[in-house]
Amino acid sequence: MLQTKNSNSNQITNKESLDLSIVVPVYNEAESLSPLIEAIANAVITTHLSYEIICVDDGSIDGSTKILMDLARQRSDLKAVILRRNYGQTPAMAAGFENAQAKAIITLDGDLQNDPQDIPLLLDKLNEGYDLVSGWRKQRQDAAITRLLPSKIANWIIGKVTGVKLHDYGCSLKAYRAELVADMNLYGELHRFLPALAYIEGARITEIPVRHHPRRYGTSKYGLGRTIRVIMDLLTVFFMKKFLTKPMHVFGFWGLLSLVSGVIMGIYLTVVKLVMGQNIGDRPLLILSVLLILTGIELFSFGLLAELLMRTYHESQKRPIYRVREVIE
Ligand code: UDP
Ligand code: MG
């Protein structure tokens with residue numbers, strides 16, 4: 001690359017100078033760290049790609065932080081990003097993405113459950129022209145009732161709602177093209193919806209079966225409570241997918257429908273009262289009419305507000321409402 005003259009293009013050169021960034025969120029994984037980094041390096045060296053490992057310490061309290069800092073000082077291929085406190089897996093991954101410099105990004109867990117030997121396989125698939133390759137833990141080694149069952153149900157629902165057909169959204173082992181990740185903002189537990197978010201952005205997505213091992217050291221950071229948070233995030237993603245750039249289409253439609261039917265009922269009741277001279281004070285229809293009119297006005301104004309917010313969201317960040325795959329001249 002030729003851009004080295006000014007500082008701005010320097011950044012571009014830097015950003016593209018590596019082939020592969022491997023992002024690992026770490027929260028209390030002291031015993032796993034050293035063998036994990038060793039295993040990643042061994043797996044990646046076989047591909048002869050230039051790479052960096054970015055471990056994000058998410059406020060560990062078991063000494064992982066110190067181990068990571070020492071390792072990063074010894075190894076030139078390791079960068080340690082130490083967060084101030086425990087934010088959760090999604091922010092930790094976002095911090096890793098922010099620091100990643102390569103054209104391709106791999107994510108995996110810091111607990112040795114994912115197998116670094118699968119990295120070359122994911123990369124091969126990525127090179128076939130996909131933007132995102134997700135791992136599928138075909139033989140998942142976690143507790144059956146508390147983990148596998150909820151996960152099966154969650155995967156089914158996520159597939160139905162988002163329209164992305166993957167077997168295993170929860171698998172952290174994934175490969176991404178860097179441009180794709182740069183376009184996405186992560187909140188909540190949204191890292192598991194990266195494929196769905198990527199799909200919204202028009203990415204080409206696929207999956208391959210990967211190995212999965214039981215946890216060797218430490219304990220899982222999650223229990224059943226995660227399912228509820230995942231479902232809430234799913235609703236957000238669903239909304240974003242459908243209506244991010246056109247909220248009025250949903251709120252406006254239902255608002256108008258509600259308002260119009262309420263008004264029709266109201267007119268009917270007025271006729272009954274004035275023309276036929278009947279009493280309408282005790283009719284349930286009167287309550288329904290009032291309810292529909294109020295709800296309608298509310299939905300409608302909510303839609304208008306959402307339109308305003310959406311505009312602020314896109315325009316303040318100069319976020320385009322489309323994504324270009326490539327431009328050919
Ligand atoms: N993790 C993190 N911050 C958290 C919780 C988890 O960075 O608040 C990391 C954790 O160290 C691990 C990965 O996220 O590398 C997945 O966590 P875990 O293995 O506990 O999840 P499970 O595999 O049981 O779904
Ligand atoms: Mg794990």
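Counting starts at 1 for both ligands and their atoms, following the listed order.
Look at Arg75 and Glu52 and you find no salt bridge, because none of the NZ, NE, NH1 or NH2 atoms lies under 4.0 Å from a carboxylate O. With salt bridges taken as basic N to acidic carboxylate O contacts below 4.0 Å, one links Lys66 and Asp70.
The nearest protein atom to atom 22 (P) of ligand 1, hydrogens excluded, is given as Arg147 NH2, 3.4 Å; this is a heavy-atom distance. Protein heavy atom closest to atom 24 (O) of ligand 1, with residue, atom name and distance, is Ser220 OG, 2.6 Å. Looking only at protein heavy atoms, the nearest one to atom 1 (N) of ligand 1 is Tyr27 CB, 3.7 Å. Of all protein heavy atoms, the one lying nearest to atom 19 (O) of ligand 1 is Asp111 OD2, 2.5 Å.
If you look at Asn86 next to ligand 1, the close heavy atoms, those under 4.0 Å, all belong to the side chain. Using a 4.0 Å cut-off between heavy atoms, Glu29 contacts ligand 1 through its side chain alone, with no backbone atom that close. At a heavy-atom distance under 4.0 Å, atoms from both the backbone and the side chain of Asp109 approach ligand 1.
Legend: protein N/O/S atoms lying under 2.8 Å from the Mg ion (ligand 2), waters omitted, number 2.
Ligand 1 places these atoms under 4.0 Å from at least one heavy atom of Asp58: 2 (C), 3 (N), 4 (C), 7 (O), 8 (O). Atom numbering of ligand 1 starts at 1 in the shown order; those under 4.0 Å from a heavy atom of Lys221 are 5 (C), 6 (C), 20 (O). For ligand 1, the atoms lying closer than 4.0 Å to a non-hydrogen atom of Gln113 are 19 (O), 23 (O). Atom numbering of ligand 1 starts at 1 in the shown order; those under 4.0 Å from a heavy atom of Val26 are 7 (O), 11 (O).
The environment of Tyr268 atom OH is sparse: at most 12 non-hydrogen atoms of other residues, nucleotides or ligands sit within 6.0 angstrom. The environment of Phe243 atom CZ is dense: over 12 non-hydrogen atoms of other residues, nucleotides or ligands sit within 6.0 angstrom.
Where the criterion is an N or O separation shorter than 3.5 Å, residue side chain and backbone included, Ala92 fails it with respect to ligand 1. When only interatomic distances are considered, the shortest N/O to N/O separation between Tyr222 and ligand 1 does not fall below 3.5 Å. Between Arg215 and ligand 1, at least one pair of N/O atoms sits closer than 3.5 Å.
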CA sep, side-chain torsions, deciding dist, call: Asp19, Tyr51, side-chain hydrogen bond (donor to acceptor under 3.5 Å, both in side chains): CA-CA 6 Å; Asp19 297 317; Tyr51 72 98; over 6 Å; no

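For Asp115 and His213, the side-chain atoms include at least one donor-acceptor pair closer than 3.5 Å. Side-chain contact, Gln139 with His212: no donor N or O sits under 3.5 Å from an acceptor N or O. For the 3.5 Å distance criterion, the side chains of Ser60 and Asp57 qualify, holding a donor opposite an acceptor. Under 3.5 Å, the side chains of Asp111 and Ser32 contain no donor-acceptor pair of N or O atoms.
Judged by distance alone, with hydrogens and angles left aside, the side-chain atoms of Ser21 form a donor-acceptor pair with the main-chain N or O of Ala102 at under 3.5 Å.
Partners of Tyr199 according to the side-chain hydrogen bond (donor to acceptor under 3.5 Å, both in side chains) rule, which considers only residues two or more places apart in sequence or in another chain, do not exist here.
A 4.5 Å side-chain heavy-atom check between Ser220 and Arg215 finds at least one atom pair inside the cut-off.
Using a 4.0 Å cutoff on heavy atoms, Met93 does not count as a contact of ligand 1.
The cluster map of Ile, Leu, Val, Met, Phe, Trp and Tyr, joined by side-chain heavy atoms under 4.5 Å apart, puts Val26 and Ile105 in different clusters.
The line from CZ of Arg137 to OG of Ser151 is 6.0 Å long, rounded to the nearest 0.5 Å.
Among Gly170, Ser60, Ser32, Pro25, the residue whose heavy atom lies nearest to atom 7 (O) of ligand 1 is Pro25.
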